[in-house]
Amino acid sequence: MHKLNRNNRDKLQQFVAITGASEKSALQALKASDWHLEAAFDVFYSQPHPRSNAADVRRLEELYNRYKDQYSDMILAEGISNLCNELEVEPQDIVTLVLSWHMNAATACEFSKQEFITGLQALGVDSIAKLREKLPFMRSELKDEQKFHDIYNFAFGWAKEKGQKSLALDTAIGMWQLLFAEREWPLVTHWCDFLQDRHNKAISKDTWAQLLEFSRMVDPVLSNYDAEGAWPYLIDEFVEYLYDKNVVEK
Amino acid sequence: ILSLQRVMKSIEFEQGWSVMETGVAKLSRILEELPEPPFLPEEYMNQYTTIYNMCIQKPPLDYSQQLYDKYSEVIATYNKDTVLPSLRNKFDEYMLKELVKRWGNNKVLVRWLSRFFDYLDRYYIPRRALPSLNVAGMKSFCDMVYQEVQSKAKDAVLALIHKEREGQQIDRALLKNVIDVYVGNGMGQMEKYEEDFESFFLEDTASYYSCKASKWIQGDSCPDYMLKSEECLKKEKERVSHYLHVATEPKLIEKVQNELLVVVAKRLIENENSGCRALLRDDKMGDLSRMYRLYHPILLGLDPVADLFKQHVTAEGNALIKQAADAATNQAASSGGVQVQDQVLIRKLIELHDKYMVYVEECFQQHSLFHKALKEAFEVFCNKPVAGASSAEILATYCDNILKKGGGTEKLRDEALEETLEKVVKLLVYISDKDLFAEFYRKKQARRLLFDRSGSEDLEKSILLKFKELLGGQFTSKMEGMVTDITLAKDNQISFEEYLSTNTNTKLGIDLTVTVLTTGFWPSYKTSDLNLPSEMVNCIEAFKAFYATKTKHRRLSWIYSLGTCHISGKFDQKTIELIVSTYQAAVLLLFNNTERLTYTEILEQLNLSHEDLVRLLHSLSCLKYKILTKEPMSRSISKTDTFEFNAKFTDKMRRIKVPLPPMDERKKVIEDVDKDRRYAIDAALVRIMKSRKVLGHQQLVSECVEHLSKMFKPDIKLIKKRIEDLISREYLERDSENPNNFKYLA
């Protein structure tokens with residue numbers, strides 16, 4: 001996630017180990033004190049911060065163990081399904097994406113121990129009940145412009161297959177439909193139709209990211225679309241498709 | 001006189017003045033041309049001295065001021081009583097004549113009086129900073145006389161000018177003198193001339209020509225109108241030199257041009273019947289030259305002419321293209337026909353270029369606008385395909401036809417050939433897909449060189465030099481390499497033959513010639529797994545051994561598809577030498593061992609692809625020379641056919657070439673060029689971003705196009721795709737703050 005050098009990474013780990021803080025808070029404190037450990041401690045303890053201490057970490061470990069897979073040190077599909085049941089949400093509910101984002105999970109349908117613990121710490125919860133209470137807050141985060149932007153871009157790496165550079169088309173369409181249900185974009189259906197009709201290939205990271213920009217900046221009748229702009233090729237094709245199908249007047 | 005002064009008493013004013021009055025009166029009489037003897041020196045001196053004496057007297061007897069006032073009064077009175085009345089009772093030309101006379105007189109009057117009253121100019125006037133005698137005198141005329149008559153005089157002059165314009169003779173000298181009056185009364189400035197005369201003159205001129213223009217443009221043809229305009233401009237220039245002030249010329253010409261040429265420009269130039277289009281169509285070079293001359297001095301005047309020129313040339317070029325395309329579809333049946341039309345097309349394009357280059361040079365005086373128009377016109381139609389072949393291919397074929405044996409080299413003399421090559425290269429400039437041309441040219445050059453079809457080695461080199469001059473060494477390096485390889489191969493062959501003769505244990509039984517090609521210079525060829533006839537296998541091994549003695553660091557790949565074989569065919573009637581390709585030879589040699597062979601058997605024994613074999617068998621059994629008989633005797637090859645050596649075959653010649661029609665290379669060439677273009681675009685993008693570090697999208701695209709423009713015109717969509725590819729390969733990234741900008745990732 002962050003490009004830290006060896007030295008700083010060590011300091012970060014030390015900090016987390018000593019204070020039991022989340023990586024995020026640890027980073028904040030260390031950055032604020034210019035990577036001087038002692039000073040960082042001061043910063044951290046002087047903050048009115050819901051302190052996670054060693055006890056919290058243990059509780060989170062116990063929680064983790066409830067869902068972890070039998071054979072490997074990860075929470076896999078079954079565990080996630082159980083987790084969702086206990087949270088009383090569907091597995092395909094978008095709130096699971098938000099949760100994964102907080103965990104900075106590498107791939108969909110699996111959480112490592114580190115990811116699980118860090119994520120719950122970031123949310124400031126240490127039990128299922130508390131996590132359940134946090135759900136409305138997490139949903140509301142999607143309404144925040146900047147957070148939605150981060151979650152959207154996070155979703156690409158998370159949803160794609162490990163080791164692949166691009167996102168399979170079906171998965172991409174599913175994700176878009178999910179995401180744009182939270183944030184209305186009138187052209188989303190046409191976009192998905194277009195892709196299935198004309199493209200039929202995986203989606204690159206650049207196209208994914210630029211689509212969000214497109215949905216935010218260009219109005220649905222394309223009056224402010226700049227054909228000479230740096231939009232990805234696929235988006236240019238989409239615009240032509242819209243003209244062709246008379247969805248929009250030229 | 002000085003001594004007289006000391007002795008004489010002081011002079012009373014009245015006394016002195018009466019002396020002056022005498023002088024003034026005499027002067028008046030002289031000016032009125034009354035019989036009067038001229039001033040004697042004593043009389044002049046007397047006048048001067050009187051003034052002098054009256055001025056040097058001690059106050060209150062220093063009469064300088066009174067004398068100065070009297071001076072002005074004298075002149076004013078003269079103007080009022082004599083000059084003005086004489087002008088008031090005359091009109092038109094007579095009035096002008098009188099004015100000129102009075103103006104001349106005034107100068108004399110002022111000059112003489114100034115001499116008389118000269119002493120005032122020495123001390124009194126400068127000390128009081130008063131206008132000098134001359135100035136005061138001239139000003140008097142100006143205020144009293146000039147002011148009153150100048151307007152009427154102007155009207156009279158304009159009337160005369162109008163007369164002259166309508167063809168009548170007028171007194172030019174008179175007008176020149178009148179103009180001098182206007183200029184002169186400006187007292188060193190041009191204001192009076194400009195305000196009282198010139199501005200009215202220019203306006204009058206404008207409306208005069210406006211009238212003429214409206215009339216002429218209705219009825220006259222464009223050439224006639226232009227002739228009249230040219231004449232008018234000439235006459236107006238003459239007018240200036242005859243009687244107007246030289247400063248008027250540019251203003252006058254501008255007015256005339258405006259009315260005659262600018263206002264009606266569109267109607268004139270675009271006249272349906274006789275305007276620019278028609279003149280171009282009818283090759284009226286003289287009229288076009290006139291049009292150029294007339295519109296050249298006018299700002300942006302040539303733009304519409306250049307535009308019509310461009311349209312005309314474009315239309316002519318397009319017509320040629322269409323002609324060729326139509327001919328191609330009509331003669332679609334006979335393949336030879338299509339080729340001929342292509343060559344005709346190139347020749348006609350060259351002729352078109354020559355013709356209109358003459359226009360640019362002679363009618364349009366090499367003006368850059370017209371060079372540009374010609375270039376842009378050619379760029380339009382020189383890039384149009386004909387019957388599925390791109391212009392790049394057509395031009396490459398044209399070159400091939402000139403350079404191969406039986407082509408131009410035998411028909412035309414050297415200078416003519418050189419000239420033709422020059423012109424071909426000129427056309428290449430207009431073709432945007434130069435890389436495509438290079439690839440077609442290279443393929444055809446390879447065939448010429450390898451099958452000994454080139455007409456002249458000198459010409460091959462000469463055209464490469466011309467390409468190099470125009471497009472740089474990078475364009476020609478591969479082609480030059482190919483020519484060098486052939487030369488080297490000849491030397492190499494000599495070494496090989498020496499090697500063979502000194503190695504007595506290598507008896508080949510066949511004369512073998514090998515040409516070693518440097519990969520990279522030559523087009524890529526497929527190697528094949530052809531099962532060579534046993535006779536040839538030894539030869540290959542021998543050459544391999546020889547080559548190993550020369551160098552250990554190179555690997556040889558054998559391209560049998562490019563080889564040629566001479567085979568003796570022992571037919572019933574007579575033995576004929578057959579010149580065939582190696583592949584064909586391989587097929588034929590099979591029949592030394594067996595009488596009949598099926599398609600499948602041949603295929604298996606030779607290990608060729610279906611595509612290749614069908615072509616080969618077709619060339620040996622279905623075309624002009626049927627070396628093999630085919631069962632059944634159909635026109636095309638099927639996999640169930642059987643073949644037999646045609647012992648009955650004969651021909652009047654002792655040696656024949658059995659051609660193998662080449663495969664259509666067009667698709668492969670286009671594929672190869674497209675692939676190269678993708679690399680070229682990638683390389684250009686990376687090079688640009690590496691040096692600029694951060695760059696906006698539009699600029700990146702336009703610089704990329706610029707970089708590549710010498711070789712081809714890249715498709716913008718393709719560039720976009722390559723940029724995205726480079727992003728996913730992490731050479732570039734979008735600027736997080738402005739997605740329209742790209743950053744280079746080291």
Side-chain angles (χ1 to χ4, degrees), chain A residues 1-3 145-154 156-157 159-169 172 194-195 198-218 224-241 243-244, chain B residues 674-675 677-709 712-746:
Chain A
M1 192 163 71
H2 305 282
K3 293 194 175 92
E145 184 110 2
Q146 180 58 37
K147 287 191 185 169
F148 182 83
H149 179 270
D150 290 344
I151 293 170
Y152 175 93
N153 280 324
F154 164 80
F156 181 85
K160 71 172 170 62
E161 297 284 326
K162 263 192 276 207
Q164 293 289 344
K165 255 194 170 160
S166 309
L167 181 59
L169 186 59
F194 156 73
L195 287 170
R198 301 267 183 102
H199 185 53
N200 264 320
K201 282 187 278 201
I203 301 295
S204 72
K205 184 158 193 224
D206 187 54
T207 307
W208 176 269
Q210 290 304 304
L211 183 75
L212 182 63
E213 287 303 306
F214 183 81
S215 72
R216 280 157 97 173
M217 285 178 48
V218 179
N224 59 344
Y225 168 74
D226 179 11
E228 312 272 300
W231 296 114
Y233 174 69
L234 202 54
I235 290 182
D236 288 338
E237 296 270 282
F238 176 54
V239 168
E240 272 184 41
Y241 169 89
Y243 290 147
D244 274 352
Chain B
D674 277 343
K675 218 175 2 166
R677 283 182 180 177
R678 246 173 281 147
Y679 294 137
I681 292 176
D682 282 358
L685 287 170
V686 171
R687 207 182 315 129
I688 295 168
M689 287 308 297
K690 190 165 182 187
S691 86
R692 313 290 234 101
K693 302 285 184 240
V694 181
L695 200 55
H697 170 84
Q698 290 231 87
Q699 238 186 309
L700 179 58
V701 170
S702 71
E703 279 194 35
C704 184
V705 170
E706 170 83 41
H707 266 236
L708 299 165
S709 63
F712 66 98
K713 207 155 87 169
D715 178 34
I716 305 290
K717 283 190 179 169
L718 183 58
I719 296 182
K720 255 200 172 179
K721 279 190 177 161
R722 298 320 301 159
I723 291 176
E724 283 173 47
D725 196 66
L726 288 173
I727 291 176
S728 82
R729 279 151 63 197
E730 294 182 28
Y731 279 89
L732 312 174
E733 66 176 359
R734 281 186 201 262
D735 185 343
S736 49
E737 275 153 50
N738 180 1
N740 263 331
N741 284 350
F742 298 106
K743 282 190 179 148
Y744 181 67
L745 292 170

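Lettering of chains follows the sequences in order, A, B, ..., and the numbering in each one begins at 1.
Counted within 6.0 Å of NZ on K675(B), heavy atoms from surrounding residues, nucleotides or ligands total 12 or fewer; the atom is thus considered open.
Here the closest heavy-atom approach between residue A230(A) and residue P739(B) is recorded as CB-O, 3.9 Å.
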Between these two chains, chain B and chain A, I want each donor-acceptor atom pair under 3.5 angstrom written on its own line with its distance.
unit_1, atom_1, unit_2, atom_2, d
H697(B), NE2, G229(A), O, 3.3
K717(B), NZ, E240(A), OE2, 3.3
K720(B), NZ, G229(A), O, 3.3
K720(B), NZ, W231(A), O, 2.7
K720(B), NZ, D236(A), OD1, 3.3
K720(B), NZ, D236(A), OD2, 2.2
K721(B), NZ, Y233(A), OH, 3.3
E724(B), OE2, Y233(A), N, 2.3
S728(B), O, K165(A), NZ, 2.7
R734(B), NE, D206(A), OD1, 2.6
R734(B), NE, D206(A), OD2, 3.4
R734(B), NH1, A230(A), O, 2.8
R734(B), NH2, D206(A), OD2, 2.8
R734(B), NH2, A230(A), O, 3.2
N740(B), OD1, A230(A), N, 2.9

